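Here is the structure we will look at.
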Amino acid sequence: MSDLPPKSHNLGALSAELVQKGKDYYLPNYKPREMILDHGKGARLWDLDGNEYIDLAAGIAVCSLGHQDPDLIAALEGQARKLWHTSNVFFTEPPVRLAEALVNSTAFAERVYLCNSGTEANEAAIKLVRKYAADQGKGPEKRNIISFGGSFHGRTLAAVTLTAQPKYQQGYEPLPGGFIYCDTFNDEAAIEALVDENTCAIFVEPVQGEGGVMPAKPGFLKHLRALCDKVGALLVVDEIQSGMGRTGYLYAFEEDGIQPDIMTLAKGLGGGIPIGAMLVGARAAQTFQFGSHGSTFGGNPIMAAVGLTALTKINHPSMLAGVKRKGEWLRAELNKINQELGLFKDIRGRGLMVGAELVDAYAGKANDFSEAARKAGVLMLVAGPNVLRFLPPLTITEEELKEGVSRLRLALATTKAGL
Ligand SMILES: *Cc1c(COP(=O)(O)O)cnc(C)c1O
């Protein structure tokens with residue numbers, strides 16, 4: 001295991017072939033970095049050409065226990081040798097155990113619906129909040145769902161309509177009706193002006209992820225809770241990115257001192273396998289009845305066995321304390337880099353969900369910095385054109401984090417000099 005940044009980024013023959021085929025055969029809706037990642041261990045990854053990287057992205061907040069976690073491997077292998085899939089026509093043990101553990105992981109939840117992705121969890125929540133209003137005997141006008149500018153809730157037609165960012169919606173019109181946008185996040189007066197008797201739910205990310213790593217300000221979620229209670233609307237927290245220990249709390253909303261009615265989870269819940277969940281509190285726990293909603297793969301025993309193991313490992317005080325400590329250290333280091341290089345106008349986030357917003361002189365250049373970081377041996381993300389985003393595995397060691405930050409500093413300094 002070398003700590004040296006990779007030296008060459010000329011692709012070997014196999015990497016070059018695979019990159020070319022990826023470009024030829026995939027629909028061009030992604031733009032992957034030009035390398036072929038081959039294997040990982042902890043917070044390190046290697047490409048096919050032997051270059052080594054520190055992982056500050058974790059597959060977009062998914063691989064929270066790093067790569068090749070032995071307990072996740074054991075859960076996957078153990079279940080793979082027993083039973084892969086049955087559909088929801090039959091009970092199996094792993095999803096029942098996972099549902100029980102999820103309900104016990106948070107005070108508000110009474111029941112769980114398991115699915116395969118974040119988008120599916122939000123799609124289920126969109127349907128559930130409307131059916132809840134319908135079941136209450138409310139007229140068809142009480143179906144409005146409010147979300148915030150800068151939010152990201154997924155890519156199905158309803159989830160992308162809930163996502164209050166035009167760039168994700170353009171070209172897909174006509175969009176489903178009944179969605180209302182509060183353009184400014186963290187603006188109490190703006191949301192208050194929009195909530196009325198026709199509101200059936202508010203969806204909120206306690207820390208907006210794709211929208212630039214923007215935490216809810218203190219008291220904002222409490223305000224939303226009160227507004228929902230006033231008009232009989234449900235409060236849905238989308239914790240797909242901020243949940244599962246990412247902020248140093250098992251769920252980010254805990255820091256805001258509220259109880260939601262519904263929470264959606266995915267990403268880190270599976271530690272690397274596709275799984276999503278919707279947790280529902282007392283009010284709406286009976287809204288979905290037999291036949292209301294469903295999924296062939298949802299709660300698949302393999303995914304559930306891995307998810308239960310991930311949840312058990314993450315939901316531990318020492319894990320969460322480590323996330324807080326490492327997150328504070330990372331933000332302090334970014335501040336030091338910034339004193340030297342003057343690149344950022346804001347460094348923000350909670351726990352190991354960290355964003356650094358570029359000063360105006362480098363507006364639009366986030367991707368250049370991120371690509372330079374890769375070439376210096378550190379994988380990271382952006383959140384829009386102006387924000388560098390860091391979501392390392394929660395289990396990253398201090399030594400790995402240090403190495404990652406020192407490579408990052410080098411990449412930022414050389415990129416700045418060349419821009
Ligand atoms: C990633 C994400 C989603 C969508 O999840 P998928 O698994 O990609 O469908 C929804 N909401 C938030 C906050 C996310 O970060």
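Every number for a ligand or one of its atoms is a count from 1 in the order of the listing. Here the structure is a predicted model, which is why all the values come from computation and not from measurement.
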Look at atom 5 (O) of ligand 1 and find which of G118, A121, A266 reaches it with the closest heavy atom. G118
Hey, what's the ring geometry for F220 with F185, parallel, tilted or perpendicular (30° and 60° as the breaks)? perpendicular
Of all the atoms in ligand 1, which lie at a distance below 4.0 Å from a heavy atom belonging to S117? 7 (O), 9 (O)
With the side chain counted from C-beta on, respond yes when I145 and T161 share a heavy-atom pair under 4.5 Å apart, and no when they do not. no
Regarding ligand 1, does K267 bring an N or O atom to under 3.5 Å of one of the ligand's N or O atoms? yes
Top protein contact for atom 11 (N) of ligand 1, by heavy-atom distance: D238 OD2, 2.8 Å
For Q241, the atoms of ligand 1 under 4.0 Å from one of its heavy atoms are 15 (O)
Has D261 got a side-chain atom pairing as donor or acceptor with G281's backbone, closer than 3.5 angstrom? no
Under 4.0 Å to a heavy atom of N122 - the qualifying atoms of ligand 1, by number: 10 (C), 11 (N)
Flag the pair M319 / L65 as yes when at least one side-chain heavy-atom distance between them is below 4.5 Å, and no otherwise. yes
With heavy-atom distances below 4.0 Å as the criterion, list the atoms of ligand 1 near T119. 4 (C), 5 (O), 6 (P), 9 (O)
By number and element, which atoms of ligand 1 are closer than 4.0 Å to a non-hydrogen atom of E205? 13 (C)
Among all the protein's non-hydrogen atoms, which is closest to atom 12 (C) of ligand 1, and how far away is it? F152 O, 3.3 Å
Should E93 and P301 count as side-chain neighbours, where that means a heavy-atom distance under 4.5 Å? no
Residue pair E398, R325: steps toward the salt bridge (charged side-chain N to carboxylate O under 4.0 Å, His left out) verdict: CA-CA 10 Å; E398 270 153 41; R325 189 182 67 244; 3.1 Å; yes
Under 3.5 Å, is there a donor-acceptor pair between the E192 and H223 side chains? yes
